[in-house]
Amino acid sequence: MNDKKLTTRAADFSAWYNETVLRAELADYSPVRGCMVIRPNGYGIWERMQRALDDMFKATGHRNAYFPLFIPESFLHKEAQHVEGFAPEAAVVTHGGGKLLEEPLVVRPTSETIIYSMFAKWVQSYRDLPILINQWANVVRWEMRTRLFLRTLEFLWQEGHTAHVTHDEAEAETRMILGLYRTFMEEGMAMPVITGLKSESEKFAGALRTYSCEAMMQDNKALQAGTSHNLGQNFAKAFDLKFQSESGSMEYAWNTSWGVSTRMVGGLVMTHGDDNGLRIPPKLAPTEVVIVPIWKSEDERARLLEAAGQVKQALTTWGGRGDDRLRVHIDAREGMKPGAKYYEWELVGVPLRLELGPRDLANGSCMAARRDTREKASLSLDGLPETVSALLATMQGDMLRAARERREANSIREAISYDRFKEVMEGDGAFVYAGWNGDPAVEAKVKEETKATIRCIPEPEFVTQGAATTCMVTGEPAKHTVIWAKAY
RNA sequence: CGGGGCGUAGCGUAGCCCGGUAUCGCGCCUGCUUUGGGAGCAGGAGGUCGCCGGUUCAAAUCCGGCCGCCCCGACCA
């Protein structure tokens with residue numbers, strides 16, 4: 001038994017995931033059941049996700065704010081569907097300062113209630129709208145079964161909350177954010193997603209409509225990677241969020257809320273990881289390039305470390321990407337063979353490794369190894385920053401392309417019988433595009449029989465085979481073409 | 001909460017049936033030799049055997065109770 005090797009994805013995908021997260025030091029189990037510690041390697045990825053998204057939110061007119069962790073229990077009860085959805089998994093504080101509280105406080109599972117209660121104070125006129133707020137926060141949901149990053153009792157996320165004058169404006173916001181998430185996931189995470197509408201049974205508790213980004217993991221299961229909700233006037237009515245319109249009438253505001261979480265880190269692992277560990281797309285990699293100097297003698301060690309320092313200097317001071325400087329680390333550890341370092345950095349997922357030894361130095365070159373393909377090539381030290389930058393950009397694109405090809409290879413777009421569908425779901429699984437008559441009972445039956453659910457009613461651009469005409473289960477006329485899959 | 005499994009060094013484990021103060025591997029520390037794909041040798045440190053109680057001259061081992069964790073279900077970003 002060689003415990004240096006990870007369990008392979010083919011042997012046990014779930015075990016592979018856990019080992020990869022733990023051994024790449026993204027996270028660790030905490031003393032509290034169902035909670036996790038996010039370690040620097042994992043938090044560094046989250047920070048880069050935050051930075052990219054935060055810039056996008058700001059660019060579209062949103063501003064950050066912060067609302068309290070504690071919510072009066074009564075707030076949760078003001079919207080009927082909302083309480084039904086979240087009360088069962090609420091953590092409730094009953095004591096403070098050694099005394100029983102007059103009203104219990106719920107640790108936020110999401111912040112609609114407290115935020116819209118505040119919006120109600122701030123809005124009198126249509127001129128006060130829209131309000132475009134985002135907050136970065138932790139939330140708590142008392143889940144029965146947990147998994148690192150994918151489902152923990154406490155997780156980090158951002159939640160956007162907006163209020164608008166009209167339904168259409170709120171709908172446009174909801175859709176705009178959905179597109180923003182998609183752009184980030186595809187261009188930043190190199191993780192292709194399908195955007196679409198959630199069915200009634202899968203929509204957010206209290207929403208009019210929920211849209212989501214659905215990604216396919218390497219076990220062909222779907223991961224809901226982000227959601228954007230048009231809340232209609234449900235919360236505005238519950239919290240008396242009203243404004244006087246231009247014509248003088250009193251109207252309830254139209255709200256949206258939307259969020260992505262540290263779950264995306266899990267999605268990143270399950271989208272790009274291989275049997276050697278993590279593969280981080282360059283844009284999200286805290287370290288894009290690791291330099292491994294190689295030496296034999298003490299004399300060589302001094303020379304190579306100096307040369308490595310110069311290479312790092314050349315890379316990090318290069319301004320070809322503007323303010324976005326290349327992120328470079330030198331692995332100068334002694335007493336560790338180069339091969340051992342290679343395996344370690346591959347496990348951690350650093351996109352590009354530059355090996356620099358006496359032979360390379362003599363040639364004025366270095367050996368570059370791509371993490372995504374594990375291909376090696378000799379690169380001239382002349383113009384290295386340009387070469388490296390271009391290579392990283394190529395890798396970013398290649399990783400997205402490879403992930404998209406994998407998804408399509410495991411999608412079923414042609415008509416399929418329900419019997420065949422059951423076989424697929426019992427076997428390798430897939431994203432199955434099929435007709436649905438729109439009946440929630442059919443959805444429930446399929447879930448009961450196969451564990452697959454409707455991931456979304458995809459936007460038209462994803463339905464490349466043309467809309468389905470009949471329901472896969474009943475044979476009745478199809479109301480929608482939907483994507484069926486097992487999900488995390 | 002229902003069904004199954006497991007708690008022994010930082011991690012992974014043997015020992016338990018058949019009682020005698022704990023095995024092996026990885027990791028860690030020191031020294032020397034190494035360093036272009038997971039180094040070798042030598043020496044060393046590290047343990048309330050999940051917790052409480054019982055039986056016994058003696059408990060990791062047998063008995064009772066409790067706690068925790070993992071997997072499968074119900075619930076879910």
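FYI, side chains are in, hydrogens and waters are out, and symmetry mates aren't considered; it's all heavy atoms of this structure. Naming convention: chains lettered A, B, ... in sequence-line order (proteins, then strands); numbering from 1 in each chain.
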Could you tell me whether the phosphate oxygens of rG36(B), OP1 or OP2, come under 4.0 Å of any side-chain nitrogen or oxygen in Lys341(A)? no

Testing rG73(B), rA77(B), rG37(B) for proximity to the side chain of Phe155(A), the answer is rA77(B)

Take atom P in rC70(B) and the same atom in rU8(B), then report the distance between them in whole Å. 14 Å

Among rA39(B), rA77(B), rG36(B), the one nearest Met367(A) by side-chain distance: rG36(B)

If we take the P atom in both rG12(B) and rC18(B), what is their distance in whole Å? 29 Å

Look at Glu306(A) together with Arg303(A) and state whether they make a salt bridge at an N to O cut-off of under 4.0 Å. no

Check the angle between the aromatic planes of Trp345(A) and His329(A) and answer parallel, tilted or perpendicular using the 30° and 60° thresholds. tilted

Whole-Å gap separating P (rG37(B)) and CD (Glu375(A)): 19 Å

Could you run down the sub-3.5 Å N/O contacts of the protein with nucleotides 30-35 of chain B?
unit_1: rU35(B); atom_1: O2'; unit_2: Trp295(A); atom_2: O; d: 2.9
unit_1: rU35(B); atom_1: O2; unit_2: Met336(A); atom_2: O; d: 3.4

Side-chain donor or acceptor of Glu89(A) paired with backbone N/O of Glu143(A) under 3.5 Å: no

Under-3.5 Å donor-acceptor pair between Lys376(A) side chain and rG36(B) base: no

Just by distance, no angles: are the side chains of Glu459(A) and Tyr211(A) close enough, under 3.5 Å, to form a donor-acceptor pair? no

Between rC1(B), rG36(B), rA77(B), which nucleotide gets closest to the side-chain atoms of Met144(A)? rC1(B)

Span that lies between the P atom of rC51(B) and that of rA39(B), in whole angstrom: 37 Å

With the threshold set at 4.0 Å, does a side-chain nitrogen-carboxylate oxygen contact exist between Glu288(A) and Arg371(A)? no

How many whole angstroms separate atom CG of Asn138(A) from atom P of rA77(B)? 18 Å

Contacts table for residues 75-83 of chain A: side-chain donor-acceptor under 3.5 angstrom, sequence neighbours left out:
unit_1: Glu79(A); atom_1: OE1; unit_2: Gln81(A); atom_2: N; d: 3.1
unit_1: Glu79(A); atom_1: OE1; unit_2: His82(A); atom_2: N; d: 2.9
unit_1: His82(A); atom_1: ND1; unit_2: Ala205(A); atom_2: O; d: 3.0

With the side chain defined as heavy atoms from C-beta on, Arg263(A) is closest, among rG36(B), rA77(B), rG38(B), to rA77(B)

For Pro88(A), answer base if it contacts any base atom (sugar-phosphate contacts may also be present), sugar-phosphate if it contacts only those atoms, and nothing otherwise; contact means non-hydrogen atoms under 4.0 Å. nothing

Round to the nearest Å and state the distance from Met191(A) atom CE to rA77(B) atom P. 16 Å

Suppose you measure atom C1' in rA14(B) against the same atom in rG47(B); what distance do you get, rounded to whole Å? 15 Å

Round to the nearest Å and state the distance from Arg108(A) atom CZ to rA77(B) atom P. 18 Å

RNA chain B: 5'-proximal contact among Arg147(A) and Glu344(A) (nearest heavy atom): Glu344(A)

Anything under 30° is parallel, anything over 60° is perpendicular, the rest tilted; go ahead and classify His62(A) against Phe57(A). perpendicular

Answer syn or anti for rU33(B), where the cut-off is 90° from 0 on the glycosidic torsion. anti

Using the C1' atoms only, state how far rA22(B) lies from rC63(B), rounded to an integer number of Å. 22 Å

Answer yes or no as to whether rG37(B) has its base stacked against Tyr342(A), where stacking requires a ring-centre separation under 5.5 angstrom and planes under 30 degrees apart. no

Check this for me: does the side-chain of Glu346(A) come within 3.5 Å of the base of rG38(B) through a donor and an acceptor? no

Expressed as a whole number of angstroms, how long is the span from Glu202(A):CD to rA77(B):P? 8 Å

Compute the centroid of each ring, for Trp484(A) and then for Tyr418(A), and state whether the two points are separated by less than 6.0 Å. no

Within this structure, what is the CD-to-C1' distance between Glu143(A) and rG73(B), rounded to whole angstrom? 15 Å

So what does Thr227(A) hit on the nucleic acid, given a heavy-atom distance under 4.0 Å: a base, only sugar-phosphate, or nothing? nothing

Whole Å only: how far is the CH2 atom of Trp258(A) from the C1' atom of rA77(B)? 16 Å

Leu150(A) near the nucleic acid: base, sugar-phosphate alone, or nothing, with a heavy-atom cut-off under 4.0 Å? base

Does a salt bridge link Lys445(A) with Glu449(A), judged by any charged N lying under 4.0 Å from a carboxylate O? yes

Take atom C1' in rG10(B) and the same atom in rG46(B), then report the distance between them in whole Å. 9 Å

Ranking Ala369(A) and Thr152(A) by the position along RNA chain B of their nearest nucleotide, the one closer to 5' is Ala369(A)

Given atom CZ of Arg23(A) and atom C1' of rG10(B), what is their separation to the nearest angstrom? 15 Å

Pair Asn64(A)-Asp54(A), side-chain donor/acceptor within less than 3.5 Å: yes

Say we look at rC11(B) and rU48(B): how far apart would their P atoms be, to the nearest angstrom? 12 Å

Span that lies between the P atom of rA58(B) and that of rC67(B), in whole angstrom: 29 Å

Can you list every stem that RNA chain B is part of, counting only runs of 3 or more consecutive Watson-Crick or G-U wobble pairs with both distances under 3.5 Å? B:1-7 with B:67-73, B:10-12 with B:24-26, B:28-33 with B:39-44, B:50-54 with B:62-66

Between Phe184(A) and Tyr181(A), is the gap from one ring center to the other below 6.0 Å? no

So, are Arg9(A) and Asp275(A) salt-bridged, with charged N and O less than 4.0 Å apart? yes

